[in-house]
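Take a look at the structure below.
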Amino acid sequence: MSQVILRRTADATVSTEEALSLVGATVDGRVIHQSGNNLLVDVAAGELDTLKSKLTGWVVSPQQERIDAPDTRRRIA
């Protein structure tokens, strides 16, 4: 299983509610988190292409490891 980020674009033909049902019903996966039109889902590795084909207008990208950004704030001593 791999975590995938789904982001709805302005020209998406599938609504967020329909995407939620597609992930639960069609694809062997589950929704981990939803924030507006963004979804974090856990899907089987072989099902990623199926998910991409059904969600036209959505950006489907694998979740990557976090990159720590340096703290650039000034410090007052």
Side-chain angles (χ1 to χ4, degrees):
M1 300 289 274
S2 61
Q3 291 184 357
V4 179
I5 300 170
L6 307 175
R7 295 177 193 248
R8 186 172 189 240
T9 62
D11 58 341
T13 58
V14 179
S15 69
T16 306
E17 291 78 23
E18 291 171 334
L20 287 169
S21 65
L22 279 174
V23 169
T26 308
V27 180
D28 181 26
R30 65 185 178 96
V31 177
I32 298 172
H33 182 73
Q34 177 185 3
S35 176
N37 289 329
N38 299 322
L39 304 172
L40 177 63
V41 297
D42 198 18
V43 295
E47 297 291 328
L48 188 58
D49 292 331
T50 305
L51 185 64
K52 284 182 182 181
S53 68
K54 292 185 186 280
L55 294 175
T56 54
W58 283 71
V59 176
V60 180
S61 62
Q63 172 77 9
Q64 302 292 322
E65 289 188 34
R66 292 193 111 167
I67 299 172
D68 291 330
D71 186 7
T72 58
R73 295 176 289 182
R74 289 189 169 186
R75 303 269 192 256
I76 299 175

Original post:
Closest heavy-atom contact between T16 and R8?
Top reply: OG1-CD, 3.7 Å
Original post:
Would you say the side-chain atoms of E18 pair up with the backbone N or O of S15, donor to acceptor, closer than 3.5 Å?
Top reply: yes
**OP:** Enter the distance from D11:CG to T56:OG1 here, rounded to the nearest 0.5 Å.
**Re:** 8.5 Å
Original post:
What distance separates I32 CD1 from Q34 CD, expressed to the nearest 0.5 Å?
Top reply: 13.0 Å
Original post:
Between L55 and A19, what is the shortest heavy-atom contact and its length?
Top reply: CD2-CB, 3.8 Å
Subject >> Min side-chain heavy-atom separation N38-I5 under 4.5 Å >> reply: no
Original post:
Rounded to the nearest 0.5 Å, how far apart are OG1 of T9 and CZ of R7?
Top reply: 12.0 Å
Original post:
Hey, does K54 have a side-chain heavy atom less than 4.5 Å from the side chain of V14?
Top reply: no
Original post:
Taking all atoms of both residues into account, what is the closest heavy-atom pair of N37 and W58, and its distance?
Top reply: O-CZ3, 3.6 Å
